[in-house]
Amino acid sequence: MEPFNPLSSLCFVCILLLFANAASAKTHYHDFVIQATSVKRLCKIHNIITVNGKFPGPTLEVNNGDTLVVNVVNRARYNVTIHWHGVKQMRTGWADGPEFITQCPIRPGKSYTYRFTIQEQEGTLWWHAHSSWLRATVYGALIINPKEGEIYPFPKPKRETPILLGEWWNTNPIDVVRQATRTGAAPNLSDAYTINSQPGDLYKCSRQDTTVVHIDSGETNLLRVINAALNQQLFFAVANHKLTVVGADASYVKPFTTSVLMLGPGQTTDVLIKADQQPARYYMAARAYASAQGAPFDDTTTTAILEYNTASCSSNCVKTKPVFPSLPEYNDTATATAFTTKFRSPRKVEVPKEIDENLFFTVGLGLENCPRGAPSSYCQGPSGTRFTASMNNVSFVLPSNNSLLQAHYQGIPGVFSTDFPAVPPVKFDYTGNVSQSLWQPIRGTKLYKLKYGARVQVVLQGTSIFSAENHPIHLHGYDFYIIAEGFGNFNPKTDTSKFNLIDPPLRNTASVPVNGWTVIRFVANNPGVWLMHCHLDVHITWGLAMAFLVENGVCELESLEAPPVDLPVC
């Protein structure tokens, strides 16, 4: 069956739409200077990498249809790239940002200008470094308002506040990942979580800098919650207040009310909060959702304060301890699942019904046998092994002399192959007691090729190899519909009855349940090379990733743009 191509005979319509959208759109120019900055956290002064000396970095605010031009100057001692998480980058893959996928890194002392247009996205996204573990401190919010003259599909909030959930190490995060790579062991755990870069009242030397969010009695405000943590899914709640979810990953959702959010790293959730309680101070709090049984994790709790602006509160509230919210247990998979399965699109959507590419990808951990002759210090994983991770038994290896997109565009041989398997090489009981003969994947830089316009379904199947856990899987360059999720092994004969083909949510990062599966669908209408990976950075470090190579269509507007002249060289 030939892939469906909705645009192949309508390129002239695209041109007309481009001109129509450009009429009211603006271009926003920003300078990002990557630099070392001194900050104090948990009683210690640290030199961290920041953008423009700010932590978190600058909040960028645009309208749907606007263009961003961001000149990034690297004055730090590390290579760096910036990824615009969730931006679809239609035909502008050179601006996507993942190191050695769509560009070579920006070397110290060099610069690169990212140019891209926001197309049919509204809500909250974010930007972050996509080079090593720099995103521990190099990140910020990207807010997309409706087009000029258009409004939210919910009552306009009185004020809006980004809430960036982060993860903090009392040492250099780059040293943490380098040590883990040298030893093959799991990296050291973080020392704190943060809200807008501050740990909050429950950590030493932190109370005086706790983030405070102000609200007036009776008003309804919008919180734009972003999980920017490196390696941890997080529960989030506000004491005594219900949260009405209205958006996620820069797409509107059918509103629903909840007392707790669960966000995987990379995910965003927009919530309305109404100041309908007694004027006082209330804790916002976040702590781990730790789904991997027996695995160590950072079990601390970060807090911020929701403070009512009233005369009675300003004089009395500071003297009283804020009310603390009820948070789920760390391993409360039932609450996490109840939350993620509530998401729906606001109305009926056009989900691909006929499928051209029916893919089945296992996602999970593994253990690599110690290489012959290697010292024991190199193999400090379980039983003298090294931790690894894979999709369909391929542990992804980044190239080092070219980016994948450059190699594809210029036809450079030997950088990658296009034989990533469409299904697991070996079928097994994915969530059962897996034979240790299947624990070691192969290593490779394998891509999966898609024709322009192909209608794609991917079953993301978690495995129990070494340890089962929830995996936040992010696809660059696309939004996708999450049409179903469940536990155990996906059964194509019975689980298809669970498919929501009416109003599934549109996301860019899907939480694959612990010992379970998620099914996504999208149309491959954005040419380029697009990374799909686990957004737990420890897992992508170990190789839990793959990439799609989407071919050009038939006309210019279905083809990848030429690379910019200042694209970094390797």
Side-chain angles (χ1 to χ4, degrees), residues 167-169 176-177 179-181 183-193 227 229-235 260 262-265 286-302 327-340 362-370 376 379-391 393 395 428-441 460-473 485-489 511-518 534-544:
E167 198 168 2
W168 175 263
W169 276 261
V176 173
V177 67
Q179 179 188 17
T181 302
T183 64
N188 291 338
L189 299 177
S190 55
D191 295 287
Y193 301 112
N227 186 349
L230 232 66
N231 292 319
Q232 191 63 61
Q233 296 89 341
L234 294 168
F235 288 120
V260 64
M262 194 288 287
L263 296 90
R287 74 178 186 191
Y289 165 47
S291 61
Q293 188 173 356
F297 64 96
D298 178 349
D299 62 359
T300 62
T301 302
T302 181
L327 285 165
E329 294 297 318
Y330 298 113
N331 63 348
D332 190 345
T333 292
T335 293
T337 303
F339 177 71
T340 58
T362 57
V363 297
L365 304 185
L367 295 176
E368 187 176 52
N369 293 329
C370 197
S376 59
C379 303
Q380 295 183 35
S383 304
T385 62
R386 292 177 59 83
F387 273 110
T388 184
S390 68
M391 298 179 75
N393 201 48
S395 186
F428 58 96
D429 181 4
Y430 308 111
T431 56
N433 188 11
V434 183
S435 166
Q436 291 200 17
S437 65
L438 298 173
W439 285 28
Q440 177 160 327
L460 297 165
Q461 173 69 61
T463 77
S464 58
I465 293 175
F466 185 73
S467 177
E469 64 182 290
N470 181 294
H471 294 280
I473 302 296
E485 67 174 64
F487 292 98
N489 299 336
S511 289
V512 178
V514 54
N515 262 328
W517 51 266
T518 298
C534 182
H535 219 277
L536 304 176
D537 275 31
V538 59
H539 290 176
I540 190 174
T541 301
W542 291 339
L544 212 168

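Computed over heavy atoms, backbone and side chain alike; hydrogens, waters and symmetry mates excluded.
Between the side chains of Thr388 and Ser395, at least one donor-acceptor pair of N or O atoms lies under 3.5 Å. A side-chain donor-acceptor contact under 3.5 Å links Ser437 and Ser435.
The structure places OG1 of Thr301 at 6.5 Å from CG of Leu327, a figure rounded to the nearest 0.5 Å. Atom CG of residue Leu544 and atom CD1 of residue Ile473 lie 5.5 Å apart, to the nearest 0.5 angstrom. Expressed to the nearest 0.5 Å, how far NE2 of His471 lies from CG of Leu536 amounts to 7.5 Å. Taking CG of Leu189 as the start and CG of Asp299 as the end, the distance is 9.0 Å to the nearest 0.5 Å. The structure places CH2 of Trp168 at 13.5 Å from OG1 of Thr300, a figure rounded to the nearest 0.5 Å.
Side chains of Asn489 and Gln461 form a contact here, defined as non-hydrogen atoms less than 4.5 Å apart. Taking 4.5 Å as the limit, every side-chain heavy atom of Leu263 sits out of range of all side-chain heavy atoms of Tyr289. Side-chain contact between Asn393 and Thr362 is absent, with no heavy-atom pair separated by less than 4.5 Å. The shortest side-chain heavy-atom distance between Phe487 and Thr337 falls under the 4.5 Å cut-off. Proximity of Asp537 to Asn231: side-chain heavy atoms (C-beta onward) are separated by under 4.5 Å at one or more points.
Across all their heavy atoms, Asn227 and Gln233 have their closest contact at ND2-CA, 4.0 Å. In terms of heavy-atom proximity, Tyr193 sits nearest to Asp298 at OH-O, 2.8 Å. Shown here for Glu485 and Pro513, the closest heavy-atom pair between the two residues is OE2-CG, 3.7 Å. Minimum heavy-atom separation, Val176 to Pro187: CG1-CB, 3.8 Å. Taking all atoms of both residues into account, the shortest heavy-atom contact from Trp439 to Val434 is NE1-O, 3.1 Å. A pairwise comparison of heavy atoms in Gln232 and Glu167 identifies N-OE1, 3.9 Å as the closest pair.
Using cut-offs of 30° and 60° on the angle between ring planes, the pair Phe387 and Phe466 is perpendicular.
In this structure Ala292 satisfies the side chain to side chain contact (heavy atoms under 4.5 Å, CB included) test together with Ala295, Ser467, Glu469, sequence neighbours excluded. Looking at residues two or more places apart in sequence or on another chain, you find a side chain to side chain contact (heavy atoms under 4.5 Å, CB included) between Thr335 and Phe235, Val260, Pro328, Asp332.
Side chain of Gln440 to main chain of Asn369: a donor-acceptor pair is present (N/O by atom type, distance under 3.5 Å, no hydrogens or angles). Under the 3.5 Å distance criterion, the side-chain polar atoms of Ser291 are matched with a main-chain donor or acceptor of Asn470.
Each of Leu365, Asn433, Asn515, Asp429 was checked for a side-chain contact (heavy atoms from CB on, under 4.5 Å) with Ser464, and the lone residue meeting it is Asn515.
Taking the centre and axis of the six-membered ring of Tyr330, the NZ or CZ atom of Arg287 falls inside the cone set by 45° and 6.0 Å.
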